[in-house]
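Working notes, beginning with the structure itself.
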Protein chains: 2
Amino acid sequence: MNLKELSALLNLSQTTVSRALNGYPEVSEATRERVGKAAREHNYIPNTRAQGLATGRTHAVGHVIPLSTKHEVVNPVFTDFIAGASEIYAQENYDMHLTVVPDTNEEAAYRKIASKGSVDGVIVHGPVENDPRINLLQSIGMPFVVHGRSNTEVDQDYAWVDMNNKRAFERATKFLIDLGHRRIGLLNGLESMDFAIRRRAGYQSALDAAGIATDPSLCRSEEMTEDYGYESTMAFCARDTPPTAILASSIIVGIGVRRACSELNLTLGKDLSLIIHDDGLSYFRNGAAASQYTATRSSVRQAGLTCAELLMEQIANPDVPKRHVLMEAELIIGSTTGPAPRS
Amino acid sequence: MNLKELSALLNLSQTTVSRALNGYPEVSEATRERVGKAAREHNYIPNTRAQGLATGRTHAVGHVIPLSTKHEVVNPVFTDFIAGASEIYAQENYDMHLTVVPDTNEEAAYRKIASKGSVDGVIVHGPVENDPRINLLQSIGMPFVVHGRSNTEVDQDYAWVDMNNKRAFERATKFLIDLGHRRIGLLNGLESMDFAIRRRAGYQSALDAAGIATDPSLCRSEEMTEDYGYESTMAFCARDTPPTAILASSIIVGIGVRRACSELNLTLGKDLSLIIHDDGLSYFRNGAAASQYTATRSSVRQAGLTCAELLMEQIANPDVPKRHVLMEAELIIGSTTGPAPRS
DNA sequence: ACAGGCTTTCAAAGCGCTTTGGTGGATTGA
DNA sequence: TCAATCCACCAAAGCGCTTTGAAAGCCTGT
């Protein structure tokens, strides 16, 4: 069922039917209702492509999700992020286009998306230091929102939604220091990523403030897998002077730490303290009642929702000033932290 | 840059340029090259929407991923599935449209997608018993591939890619029985799902073959979260006669089981045996060397890839007979299983 | 009764592409 | 030499929609 057929059926012109359905004023209430009823009855839904061609608006947004080529890994936070964003898209009747791209040629992917003209805007995932995509999109003139930030020159004005990574890790580190810990391991994400850089800065700054020298051999930076948590903990604990506490950049890394501990017969919160960053992944609810991990928590799902909102806003009105949303993480006290054991 | 501009630039008609780019024979090699070069230089990429309108082919496929309304949860296996499928889509130059839909009105979502006409085919995720979507899509005439199966009447001929869930769980259960276990807990996924039904059937059949009566209180069925594994294990172990082995439907559930064990000071593989099903999630590589979990393994990423292949095939040639791919899971022996402790 | 102003409707152009149905000119065969 | 054939190209229609510009019908007020 298309417009032509529907209007023939109603003995009206395509113009009138189209306007009736799109809420234009120059249509009498009587015919508007008649049209609406017929459309519903015949299950008429306008063809998106044609609509897009005619209006120049696609009613779709793109997400390019990077595939870590080194480990052939897709970060599981995307599911929750996307679930959040989808809520908004569903509301606004937008489609979501997904492209999974090896992180080696993301730029080409964005360029392609832009020239294909199949989306009205994009969400930029996983920004790195001085991320070239920001300049690219800006020069192309495609609306975008960054999930995270990039330390590109200050004059770059772009919309972003980020968690206060620095503050979160600063607080977590300080919390451990206050408990008496001096040797604190950091299992960070890949430090090419902006978020990881900020987290490290937070960690650093808390140590500096307490006058503790940082031991570079206690800081690791890797793709945030379970195995990474496990292997690192095993390596740490094999040292003469193992750390008494660990800061893990994701719950998944934390799970690896836990596995190592149980293998080494170390009790978390007693022999070794652990703070994780908790993205609020739906399959890993870090229980509120028996709050298992001490954690800095910030919902990635909420971030997805907010990103989508900002993007919709920008598409609707490109001249509106770019908004920035900085979410603060809560510090949740669980059972994996405790006073530093006496050495 | 669009066709019109490009052809004006080359002093050729749109027809010729279009044909040159699409590899039609009625164009001289010389002009074909000239056109190709110009297209590359000016970064010309045909507008997908216009192309779609003209051809009736959208060069896009849809994935509808169900959001469990009960727990507001999106299954993390989707990231890996989608990473696999994307490989094919990238190859074939297809777009992927994602819709996240509350599992309560999935049918409406499919109907809408179909009438919007924005995709050439869809992948059906998470089939349930007698899944209505299969009939729906068949009657609409939209090409589709099911990830999993549904026990709809036999005459329904549709393409699917599934893991041999029954066989996998039958083997796992038998493996435990052979180790002397008699009380085996089952932490299954939601038994409205087809895969969970088959897994249970496999479990059942192995017990029956060994002449062991099934204890319904040892069988649980829930959304496969970490918490579910934890809570269930705690509950199991609080019984007078706890199970000596557990079968968990995903690695995430298994992680919960492990957490409970470490809390209860039980050693996996000695005090309690555990077999998980391992989808090969990239963030949870179940290490080969120090294979941590005994597991039935089947790569969901590979499944995604195969689904995409079948779908491409079907879109290209709708009359080709529907293909079925049944993947066998490997049984990987890890360190979480051992002989049943003497009671 | 009629100019002027609304309201409601319509025909047709255009979005960027593919495809049908040509056409003009070079090549071939008799 | 002329018709037949083929090659390389083109103009225009059409995909399903929106939107511009115009027109028909209906009130007003004088």
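Protein chains get the first letters and strands the later ones, always in sequence-line order, with residue 1 at the start of each.
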task = Find which nucleotide of DNA chain D each of Gln14(A) and Glu26(B) is nearest to by heavy atoms, and output the residue with the more 5' nucleotide.
result =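 Nearer the 5' end of the strand: Glu26(B).
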
request  = State the CZ-CD distance between Arg133(A) and Glu106(A), to the nearest 0.5 angstrom.
outcome  = 4.0 Å

task = Look at the side chain of Ser28(A) against the base of dT7(C) and say whether a donor-acceptor pair falls under 3.5 Å; ignore hydrogens and angles.
result =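 Side chain to base: no pair below 3.5 Å.
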
inquiry  = With hydrogens left out and only the distance checked, is there a donor-acceptor pair under 3.5 Å joining Thr55(A)'s side chain and the base of dT19(D)?
reply    = no

message = Using a 4.0 Å heavy-atom cut-off, does Arg19(A) contact any base of the nucleic acid, only the sugar-phosphate backbone, or nothing at all?
response =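 Touches a base.
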
request  = Report which part of the nucleic acid Gln51(A) touches: base, sugar-phosphate, or nothing (heavy-atom distance under 4.0 Å, all strands).
outcome  =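 Contact class for Gln51(A): sugar-phosphate only.
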
remark   = His42(A) meets the ring-ring contact (aromatic ring centres under 6.0 Å, His included) criterion, sequence neighbours left out, with none

key: Nearest heavy atoms of Asp120(A) and His59(A), plus distance in Å   =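 In this case the closest contact between Asp120(A) and His59(A) is OD2-N, 2.9 Å.
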
task = Might you point out which heavy atoms bring His97(A) and Ala60(A) nearest each other, and give the distance in Å?
result =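 Minimum heavy-atom separation between His97(A) and Ala60(A): NE2-CB, 3.6 Å.
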
Tell me whether the OP1 or OP2 atom of [N] has a side-chain N or O from [X] closer than 4.0 Å.
X        : N       : result
Tyr24(B) : dC9(D)  : no
Asn22(A) : dT18(D) : yes
Tyr44(B) : dC17(C) : yes
Thr31(B) : dA8(D)  : no
Thr15(B) : dC9(D)  : no
Ser13(A) : dT9(C)  : no

ask   = Quick one: on DNA chain C, does Ala50(A) or Ser18(B) contact a more 5' nucleotide (nearest heavy atom)?
value = Ala50(A)

Given atom [atom1] of [X] and atom [atom2] of [N], what is their separation to the nearest angstrom?
X         : N       : atom1 : atom2 : answer
Leu6(A)   : dT18(D) : CG    : P     : 12 Å
Ile45(B)  : dG16(C) : CD1   : C1'   : 15 Å
Asn47(A)  : dC15(C) : CG    : P     : 18 Å
Glu33(B)  : dA8(D)  : CD    : C1'   : 16 Å
Leu3(A)   : dA11(C) : CG    : P     : 14 Å
Arg32(B)  : dA8(D)  : CZ    : C1'   : 12 Å
Lys116(B) : dG16(D) : NZ    : P     : 17 Å
Lys4(A)   : dC10(C) : NZ    : P     : 16 Å

ask   = Under 3.5 Å, is there a donor-acceptor pair linking the side chains of Lys116(A) and Asn93(B)?
value =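 No, no side-chain donor-acceptor contact under 3.5 Å.
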
message = Looking only at side-chain N and O atoms, does Thr69(A) offer a donor or acceptor that is under 3.5 Å from a partner on Asp103(A)?
response = yes

key: Side-chain donor or acceptor of Arg323(A) paired with backbone N/O of Ala159(A) under 3.5 Å   = no

message = Set out, in order, the CA-CA distance, both residues' side-chain angles and the distance that settles ring-ring contact (aromatic ring centres under 6.0 Å, His included) for Phe81(B) and His125(B), then state yes or no.
response = CA-CA 10 Å; Phe81(B) 183 91; His125(B) 290 281; 4.8 Å; yes

ask   = When the C1' atoms of the five terminal pairs at each end define the local axes, what inter-axis angle does the helix from dA1(C)-dT30(D) to dA30(C)-dT1(D) show, to 10 degrees?
value = 50°

